[in-house]
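Below is one structure; the comments refer to it alone.
These numbers come from the heavy atoms of this one structure, side chains and all, not from hydrogens, waters or symmetry mates. Note that the coordinates shown come from a computational prediction; the quantities given were computed from them, not determined experimentally.
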Amino acid sequence: YQLAPSRGSDLGTTRPRARLLVSPTFSFVTASQGMLSGGSFRNTPLTDEFTFRDYLATHGDQATPIFLVEGRRLVGVFSADSSLSPSAGQTVVSLITPSTPEPPTVDEEEMNEVMDKTGPRGAGT
């Protein structure tokens, strides 16, 4: 899996090397903005009383489901081409952003410059 390329990135013109995590618009910048605006990763257990449909109705656009876990096993990854059907007994791992976010402080051009300099694995790898 890979994150979607950021706007303006040279990667946007190349073919993805792996399946896109979450969606074609979920990039490193998008995830960073979500975190910097007060978002956090949360585990939400699903039950017969609180289904995935209830989860989506509760969190709406503030939730970005990423993984689906059952017990201690990863059973699914939300991707641009997935069709997961979360059920009772499973846990949704998501990035949840607040409904009134703090202004994000990520400069997309600066982030792209840093990523270009360090490469996909970061400096020193």
With T58 via side-chain hydrogen bond (donor to acceptor under 3.5 Å, both in side chains) - residues at least two apart =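 Counting only residues at least two positions away or on another chain, T58 forms no side-chain hydrogen bond (donor to acceptor under 3.5 Å, both in side chains).
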I'd like to know if the side chain of [X] and the backbone of [Y] have a donor-acceptor N/O pair within less than 3.5 Å.
X	Y	value
S82	F78	no
S23	T25	yes
Q2	A18	yes

Let me confirm one number: the [atom1]-[atom2] distance from [X] to [Y], rounded to the nearest 0.5 Å.
X	Y	atom1	atom2	value
R42	H59	CZ	NE2	7.0 Å
S27	Q33	OG	CD	7.0 Å
Q62	I96	CD	CD1	8.5 Å
R19	S79	CZ	OG	4.0 Å
Q90	L84	CD	CG	8.5 Å

Could you tell me which non-hydrogen atom of [X] sits nearest to which non-hydrogen atom of [Y], and how far apart they are?
X	Y	result
V22	P65	CG2-O, 3.8 Å
P24	A4	O-CB, 3.1 Å
L95	G39	CD1-C, 4.3 Å

Same hydrophobic cluster for [X] and [Y], using side-chain heavy-atom links shorter than 4.5 Å among ILVMFWY?
X	Y	result
V77	L56	no
F41	L21	yes
M35	F28	yes

Is the closest side-chain heavy-atom distance between [X] and [Y] below 4.5 Å?
X	Y	answer
I66	S94	no
L68	L74	no
L20	F26	no
V93	V69	yes

D61: salt bridge (Lys or Arg N to Asp or Glu O under 4.0 Å) partners, not counting sequence neighbours |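 For D61 there are no salt bridge (Lys or Arg N to Asp or Glu O under 4.0 Å) partners, ignoring immediate neighbours.
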Going by the angle between their ring planes, with limits at 30° and 60°, are F50 and Y55 parallel, tilted or perpendicular?
->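 Ring orientation of F50 relative to Y55: perpendicular.
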L46/T91 under side-chain contact (heavy atoms from CB on, under 4.5 Å): CA gap, chis, key distance, verdict = CA-CA 6 Å; L46 301 176; T91 299; over 6 Å; no
